[in-house]
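This is a predicted model, so every value here is computed, not measured. All residue numbers refer to positions in the sequence shown, counting from 1.
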Amino acid sequence: MKHLFFILPAVGLALGAQAQQPAPAKAPVVLKSGHMQAQRTPAANRPDVAPQFPGGATALSEFFQQNVKYPEAARVNKVTGNVLTRFTVEADGRVSSPLVVQGLSPECDAEALRVLALLPAWQPATRKGQPVAIQVQLPVPFGNSANLQVEKSKTKVKFE
C-alpha cells in the first residue's frame, strides 16, 4: 500500500507532462503566384489583383533576356542559377526598394540589382479597386537561358 502511495503521484506527473507538450506546428501555407485566393475576411494588406509587368510574363522574360548581362567572373567560374530578389511595386506602379534575398555570387547579385533599376513601371496591385503598394519576389536568371521557361496562357514565369 505504501508503494501505491508513491506510484500514483508519479504516474499523474508523467501524464501531466505529456499533456503540457506543445502540439507540433503546422507547416506554413505557401501561396503561388497566379493563384490568389478569395477570403471571407481578407487581411488589410492583401490585394484583390496582383501587380502585373507590362506585357505579362512573356514580356518580363524578354526584358531579362535583353537586359541581363552575364558577368565575366561568373562565366569563368561557371556560376548559373537565379538571384532571388525582392522589391516593392508602389501604388503608382514604379519599382522601389530592390534587394537581394538569396544571392548567387557578388557579381550576379550586383547585376540583378542593376537590372531591377531598369524595370519599367508595373500595373500596380489593387485592393477594392484602389491601387496599393505591395512587395514582389522575383528570380533573376543567370547562365543557361534554356532554364527560363514561360508558361503559355498564364501570368507567371517558371524558372527551373
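- Both Phe53 and Leu118 are assigned to one and the same hydrophobic cluster, defined by single-linkage of ILVMFWY side chains at heavy-atom distances under 4.5 Å.
- The nearest pair of heavy atoms linking Ala91 to Pro131 is O-CB, 3.3 Å.
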* To do: Decide yes or no on side-chain contact (heavy atoms from CB on, under 4.5 Å) for Thr88 and Val95, but give the supporting numbers first.
  => CA-CA 6 Å; Thr88 302; Val95 174; over 6 Å; no
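- The two residues Phe142 and Cys108 come nearest to each other via the heavy atoms CZ-O, 3.3 Å.
- For Arg94, the salt bridge (Lys or Arg N to Asp or Glu O under 4.0 Å) test picks out Asp92, with sequence neighbours left out.
- Side-chain contact between Gln137 and Thr85: absent, with no pair of heavy atoms (C-beta onward) separated by less than 4.5 Å.
- Arg86 and Gln135 get closest at one heavy-atom pair: CD-OE1, 3.3 Å.
- Take Glu90 and apply the salt bridge (Lys or Arg N to Asp or Glu O under 4.0 Å) test, not counting sequence neighbours, and it matches no residue.
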* Report the C-alpha distance between Glu107 and Glu72 in whole Å, list the side-chain angles of each, state the deciding distance to 0.1 Å, and finish with yes or no for side-chain contact (heavy atoms from CB on, under 4.5 Å). => CA-CA 9 Å; Glu107 300 83 17; Glu72 188 60 34; over 6 Å; no
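- Annotation for Ala125 and Pro47: closest pair CB-CB, 3.8 Å, computed over non-hydrogen atoms.
- For the pair Val136 and Pro51, the minimum side-chain heavy-atom distance is below 4.5 Å.
- With Arg114 contributing its side chain and Asp109 its backbone, the two residues share no donor-acceptor pair below 3.5 Å.
- Counting heavy atoms from C-beta on, the side chains of Val79 and Leu104 come closer than 4.5 Å.
- Here CG of Leu60 is found 10.5 Å from CD of Gln52. Values are rounded to the nearest 0.5 Å.
- Side-chain contact between Trp122 and Phe87: present, with at least one pair of heavy atoms (C-beta onward) separated by less than 4.5 Å.
- Here the side chains of Gln102 and Val83 are not in contact, with every heavy-atom distance at 4.5 Å or above.
- Val140 and Leu84 fall into different hydrophobic clusters, where Ile, Leu, Val, Met, Phe, Trp and Tyr side chains are chained together by heavy-atom contacts under 4.5 Å.
- Pairing each heavy atom of Gly129 with each of Asp48, the nearest pair is N-OD2, 4.5 Å.
- For the atom pair Glu62 CD and Gln65 CD, the distance stands at 7.0 Å (nearest 0.5 Å).
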